[in-house]
Amino acid sequence: MVIKKVELEKVIGVTSKIPEMPHPEFAFAGKSNVGKSSLINALMNRKALARVSAQPGKTQTINYYNVNDEIYLVDLPGYGYTKVAVEVKAKWGKMVEKYLRQSKMLKYVFLLIDSRHKPSENDIMMYEWIVSQGVNPIIVATKIDKLKRSQIKGQMELIIKTLNLTSKEQLLPFSSETKAGVKELWEIIEDIYPEQES
């Protein structure tokens with residue numbers, strides 16, 4: 001996709017209604033500090049449109065990024081950050097659940113997993129919950145630039161095994177640093193949304 005325009009169009013918090021947006025939505029879920037904001041910046045070819053924080057648990061809202069007035073990239077709050085109070089985490093969880101259930105324009109969910117680690121219990125729960133909603137997410141293995149080349153295959157196999165993925169096509173290695181996976185991610189998005197629009 002040739003990106004002519006990107007903007008943060010809408011931000012909604014815990015008490016907000018899920019808005020009815022005019023364009024297809026592609027949502028990005030993942031635990032805190034997995035690299036969601038960095039991935040969205042890499043996709044939009046911007047350095048700091050999505051705010052990247054060294055402090056996990058910073059994204060507490062659902063952020064809608066308008067790309068070319070054609071689609072939205074939707075940044076969901078991160079899950080699983082231990083220093084966030086239990087009641088706050090519960091509210092974020094409900095907000096994400098509400099979004100995934102109620103968004104009328106949601107076309108696809110990308111679940112980000114840190115490639116350096118075995119998927120956590122929270123990752124497994126999120127994957128299984130998304131699947132239970134009738135959606136097969138694409139798993140994006142982030143931060144592959146932090147692995148040695150010899151480690152990548154083994155880490156991908158660990159993610160496939162832990163999440164019990166049925167096919168390797170569901171897994172995409174990604175690095176916001178080297179831009180590995182950016183082209184492939186856009187191809188997935190572009191394959192999906194024209195069909196939905198027709």
Side-chain angles (χ1 to χ4, degrees), residues 1-8 11 25-68 71-84 96 108-120 122-124 126-127 130 137-163 165 168-192:
M1 176 177 282
V2 178
I3 298 173
K4 299 168 189 160
K5 168 194 164 184
V6 288
E7 64 177 347
L8 176 57
V11 175
E25 296 166 20
F26 295 85
F28 296 84
K31 70 183 179 188
S32 299
N33 220 21
V34 74
K36 279 197 302 342
S37 298
S38 297
L39 178 146
I40 287 169
N41 283 329
L43 281 180
M44 296 187 295
N45 202 23
R46 299 293 189 275
K47 284 201 170 138
L49 191 61
R51 279 178 297 176
V52 178
S53 175
Q55 183 185 345
K58 205 72 178 165
T59 304
Q60 302 175 22
T61 51
I62 297 176
N63 300 332
Y64 293 76
Y65 295 94
N66 180 333
V67 181
N68 292 352
I71 64 167
Y72 293 102
L73 303 183
V74 182
D75 187 5
L76 300 175
Y79 54 80
Y81 183 52
T82 51
K83 290 187 184 173
V84 173
V96 171
Y108 226 80
V109 178
F110 296 91
L111 178 59
L112 279 58
I113 306 282
D114 190 329
S115 66
R116 299 171 298 175
H117 310 294
K118 181 179 179 180
S120 67
N122 282 320
D123 290 328
I124 296 165
M126 190 66 177
Y127 173 72
I130 294 169
I138 289 274
I139 308 301
V140 182
T142 61
K143 306 189 182 187
I144 59 160
D145 55 285
K146 309 282 193 226
L147 295 171
K148 293 177 182 164
R149 289 189 80 158
S150 58
Q151 296 175 307
I152 292 174
K153 185 169 181 277
Q155 288 303 110
M156 298 305 108
E157 287 171 354
L158 180 62
I159 293 170
I160 289 167
K161 186 178 175 187
T162 307
L163 295 180
L165 301 182
K168 290 183 181 179
E169 286 71 53
Q170 291 177 287
L171 180 64
L172 178 68
F174 189 91
S175 166
S176 56
E177 291 292 319
T178 66
K179 305 296 187 283
V182 168
K183 180 169 166 279
E184 290 80 0
L185 231 164
W186 271 122
E187 283 171 358
I188 291 165
I189 292 171
E190 289 172 338
D191 274 352
I192 294 163

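Here, residue 1 is the first one in the sequence, and each next residue gets the next number.
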Quick one: does Ser175's side chain have a donor or acceptor within less than 3.5 Å of a partner on Ala180's backbone? no
Val67 vs Lys4 side-chain heavy atoms within contact, under 4.5 Å: no
For residues Asp75 and Tyr65, report the shortest heavy-atom separation together with the two atoms involved. CB-CE1, 4.0 Å
Within the side chain of Arg46, is there an N or O that forms a donor-acceptor pair under 3.5 Å with the backbone of Met44? yes
Specify the closest pair of heavy atoms between Pro137 and Tyr108, including all atoms of both residues, with the distance to one decimal. C-CE2, 4.4 Å
Listed by chain and number, what are the side chain to side chain donor-acceptor pair (under 3.5 Å) partners of Glu25, not counting sequence neighbours? Tyr99, Ser103
Under the side-chain contact (heavy atoms from CB on, under 4.5 Å) criterion, do Ile62 and Val11 qualify, and how do the steps go? CA-CA 6 Å; Ile62 297 176; Val11 175; over 6 Å; no
Does either side chain, that of Asp123 or that of Ser120, offer a donor lying less than 3.5 Å from an acceptor on the other one? yes
Does the side chain of Tyr127 reach to within under 4.5 Å of the side chain of Gln170, using non-hydrogen atoms? yes
Is there a side-chain contact (heavy atoms from CB on, under 4.5 Å) between Phe174 and Leu112? Walk through the geometry before answering. CA-CA 9 Å; Phe174 189 91; Leu112 279 58; over 6 Å; no
Checking Met126 against Val96 for the side-chain contact (heavy atoms from CB on, under 4.5 Å) test, could you report, in this order, the C-alpha distance in whole Å, the side-chain angles of both residues, the deciding distance, and whether it holds? CA-CA 10 Å; Met126 190 66 177; Val96 171; 3.7 Å; yes
Approximate separation, where rounding is to 0.5 Å, of Leu111 CG and Ile138 CD1: 11.0 Å
Give a yes or no answer on whether the side chain of Asn68 reaches the backbone of Val2 with a donor-acceptor pair at less than 3.5 Å. yes
I need the minimum non-hydrogen distance between Lys36 and Pro77, along with the two atoms involved. NZ-C, 4.2 Å
Do Asn41 and Ser176 make a side-chain contact, defined as non-hydrogen atoms from C-beta onward lying under 4.5 Å apart? no
Output the distance between atom CD (Glu177) and atom NZ (Lys143), rounded to the nearest 0.5 Å. 10.0 Å
Are any of the side-chain nitrogens in Lys183 or Glu187 under 4.0 Å away from the carboxylate oxygens of its partner? yes
Of the options Leu172, Leu165, Leu171, which is the one that meets Met156 in a side chain to side chain contact (heavy atoms under 4.5 Å, CB included)? Leu171
Just verifying a value: how many Å separate Leu39 CG and Leu185 CG, rounded to the nearest 0.5 Å? 6.0 Å
Excluding sequence neighbours, so at least two apart, what forms ring pair (Phe, Tyr, Trp, His ring centres under 6.0 Å) with Phe28? Phe110
Ile3 versus Trp186, closest heavy-atom pair with distance: CD1-CZ2, 3.8 Å
Does a side-chain heavy-atom distance below 4.5 Å link Phe26 with Val74? no
Taking NZ in Lys118 as the centre, count heavy atoms belonging to other residues, nucleotides or ligands within less than 6.0 Å. Is the count above 12? no
To the nearest 0.5 Å, what is the distance between CD1 on Ile189 and CG on Leu73? 5.5 Å
Specify the closest pair of heavy atoms between Ser32 and Gly78, including all atoms of both residues, with the distance to one decimal. OG-C, 3.7 Å
So, taking the atom named CD1 in Ile124 and the one named CG in Leu163, what distance separates them when rounded to the nearest 0.5 Å? 6.5 Å
Give, for atom CD1 of Ile152 and atom CG of Leu147, the distance between the pair rounded to the nearest 0.5 Å. 6.0 Å
Going by heavy atoms in the side chains, are Leu8 and Asn63 under 4.5 Å from each other? yes
Looking only at non-hydrogen atoms, find the nearest pair between Ile159 and Ile113 and report the distance. CD1-CG2, 4.1 Å
